[in-house]
Amino acid sequence: MLNVRALARYYAALVDGGLVPPPHSSLSKPLLGTHPHIPKFPSENTSKKQEVKQIHSLLTTKGLLYNPNTSPKDNSKWKTTFLFNTLIRAYLNFGQHQKTLHLFTLMLAHQTPPNSHTFPFIIKAATHSCPSIGTSLHTQVINRGVLYDPFIQTSLLGMYSYFGDLLNACKVFDEISHPSIVEYNAMLDAYAKNGNMSSAYSLFKSMPKRDVVSWTSVINGFAKNGLFGEAIRLFREMMLHDYVKCCFVTPNKATYVSVLSSCANLDERGALYIGKQIHGYIVRNEVFVTIFIGTALIDFYGKAGCLSNAIRVYNQMVVKKVCTWNAIISSLANNGREEQALDMFKKMKGEGLCPNEVTFIAVLTACARAKLVEIGLELFQSMAGEFGLVPIMEHYGCVVDLLARAGLLGEASEFIRRMPFEPDASVFGALLGACKIH
DNA sequence: CTAGGGTTAG
């Protein structure tokens, strides 16, 4: 007989990339050979995906999911709900949103009652599929009498916010009689994501208590809406607040990332000074430089023109991901080191990493700057051919820039004519800019 | 077993 709790723990370990061996059960042997350590390659992730599928099949064939009547015990009903919840979570965490929603319909079809733990997962899955499913889930939540669960309310709020439906997000929030700080923060983020920073800020001011997430949500909201100066100002206020009132709101990794990104994008000389101060603070407080913080630092120094600092941060990073490489390649390309940027690109591929859309913006920019027309065109071709990436407007803009800068104005306009979609202002801008030079 | 904030892009 399967130990349900142990099995759930095993799922959790699978999902979180943990190292826990499977529990004593009919699944006591690993299904797919060895258990990986920290995931390094995407292929390991797919093998875990496969394991979830295998477990699902096992549960089905043993009649544990769809045949609750065979269990004599009275508490088998909640056990089945529990199993469904964990299985749903496993699929959700692998990004299989359709499969997650499908499992939910199966659950209903087999008279397994969803509980308050079920809905947050399902709502998250619906958030990434379509609004109409989301609305019907809201109805389900009401019908099943779990509307006043704070977890579910927060999930619904986040869902409407994601759909750009700020009105319904507000409605959900207004129906919460005594919102917790988490629900306040979800509402702050909803305003910020939908571009309503004045409402975000006034809600922030009116909150009875604020934690790091509250501060970071508003700081990040300012940053995402292009108000970099405001983001930095609020960050300083937060640090001062901490110092004056002795209520310890210390920045965390998300805060650093947001404020560093603001420093990188602020077109004022003071930004370099503030960014350096933040970097200094990170060093002094021995904050662990995560991939996010490292990438933000590289980008910051790259944009500020301190290429040597960008390279130093890059060299100090032990674990690098594609975005880290993208940031250093862009930094090199934007500071007159185009060949080095292309070398980095080669090195990145040599380490087995797959370039993404952003990588190609960076390398195509490098080629355009250095007038490396042949290489640039080859790279553009390789996007779809070698890496299965579909070029978007920005990539076409880069190629137009590449051709036009090199004086090949005729080729550039011909390229625009053969684009698969209507060129936008940035594409013509690249052409006209080059016309001015030539 | 559940909810809130994060990097790279002429």
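Owing to the predicted nature of the structure, the values given are computational and were not obtained by experimental measurement.
Using a 4.0 Å cut-off, some side-chain N or O of A/Ser261 falls inside it from OP1 or OP2 of B/dT8. For A/Lys224 and B/dT7, the shortest distance from a side-chain N or O to OP1 or OP2 is below 4.0 Å. One finds a side-chain N or O of A/Lys193 lying less than 4.0 angstrom from the OP1 or OP2 phosphate oxygen of B/dG6. In terms of phosphate contacts, A/Asn220 brings no side-chain nitrogen or oxygen within less than 4.0 Å of OP1 or OP2 of B/dG5. For B/dA9, one of the phosphate oxygens OP1 or OP2 lies less than 4.0 angstrom from a side-chain nitrogen or oxygen of A/Lys303.
Judged by distance alone, the side chain of A/Asn220 and the main-chain N or O of A/Thr216 form no donor-acceptor pair under 3.5 Å. In this structure, A/Glu183 contributes its side chain and A/Ser180 its backbone to a donor-acceptor pair below 3.5 Å.
Residue A/Thr324 is out of contact with every strand shown, counting any heavy-atom pair closer than 4.0 Å. Residue contacts shown for A/Arg369 include a base, since a base heavy atom lies under 4.0 Å away. Among the heavy atoms of the strands lying under 4.0 Å from A/Thr290 is at least one base atom, whether or not backbone atoms are also near. Within 4.0 Å of A/Asn334, counting heavy atoms only, lies at least one base atom of the nucleic acid. A/Asp211 comes within 4.0 angstrom of a nucleotide base, judged by non-hydrogen atoms across all strands. When heavy atoms are screened at a 4.0 angstrom cut-off, A/Lys124 is found touching the sugar-phosphate backbone but no base atom. Using a 4.0 Å heavy-atom distance criterion, A/Asn85 is classed as a base contact.
Relative to the side chain of A/Val182, the nucleotides B/dG10, B/dT7, B/dA3 differ in distance, and B/dA3 lies closest. For A/Phe121, the side-chain atoms get nearest to B/dC1 when compared with the rest of B/dG6, B/dC1, B/dT8. Of the candidates B/dC1, B/dG6, B/dT7, B/dT7 carries the atom nearest the A/Ile291 side chain, counting heavy atoms from C-beta on. Across B/dG5, B/dT8, B/dG6, the shortest atom-to-atom separation from the side chain of A/Lys253 is found for B/dG6. In the set B/dA9, B/dT8, B/dG5, the nucleotide with an atom closest to the side chain of A/Val212 is B/dG5. Each of B/dG10, B/dG5, B/dT7 was ranked by its minimum atom distance to the side chain of A/Thr365; first place goes to B/dG10. Taking every side-chain heavy atom of A/Phe151 into account, B/dT2 is the closest of B/dT8, B/dT2, B/dG6. Of the candidates B/dG5, B/dC1, B/dA3, the closest approach to any side-chain atom of A/Thr255 belongs to B/dG5. Here the nucleotide nearest the side chain of A/Thr216, chosen from B/dT8, B/dG10, B/dG5, is B/dG5. Listed candidates were B/dG6, B/dG5, B/dA3. Nearest to the side chain of A/Ser155 is B/dA3.
We find that CG of A/Leu157 is positioned 11 Å from P of B/dG5, with the value rounded to whole Å. With rounding to whole Å, A/Leu364 atom CG is found 11 Å from B/dA9 atom C1'. Distance A/Leu332 CG to B/dT8 C1': 14 Å, rounded to the nearest Å. As rounded to whole Å, 19 Å separates atom P of B/dA3 from atom OH of A/Tyr160. In this structure, CD1 of A/Ile298 is placed 9 Å from C1' of B/dT8, rounded to the nearest angstrom. The nearest whole Å value for the distance from the CD1 atom in A/Ile278 to the C1' atom in B/dG6 is 14 Å. In this structure, A/Ile328 places its CD1 atom 14 Å from P of B/dT8, rounding to the nearest Å. Atom CG in A/Asn326 sits roughly 14 Å away from atom P in B/dT7 (whole-Å rounding).
In summary, A/Glu351 and A/Lys347 do not engage in a salt bridge, as defined by a charged side-chain N under 4.0 Å from a carboxylate O.
Between A/His279 and A/Tyr301, the side chains place a donor N or O and an acceptor N or O closer than 3.5 Å (distance only, hydrogens not considered). A donor atom on one side chain and an acceptor atom on the other are found under 3.5 Å apart for A/Ser198 and A/Asn196.
One donor-acceptor pair, N or O on each side, does fall under 3.5 Å between the base of B/dG5 and the side chain of A/Asn252.
Aromatic ring centres of A/Phe415 and A/Tyr396: separated by under 6.0 Å. In summary, the aromatic rings of A/Tyr160 and A/His138 are positioned with their centroids under 6.0 Å apart.
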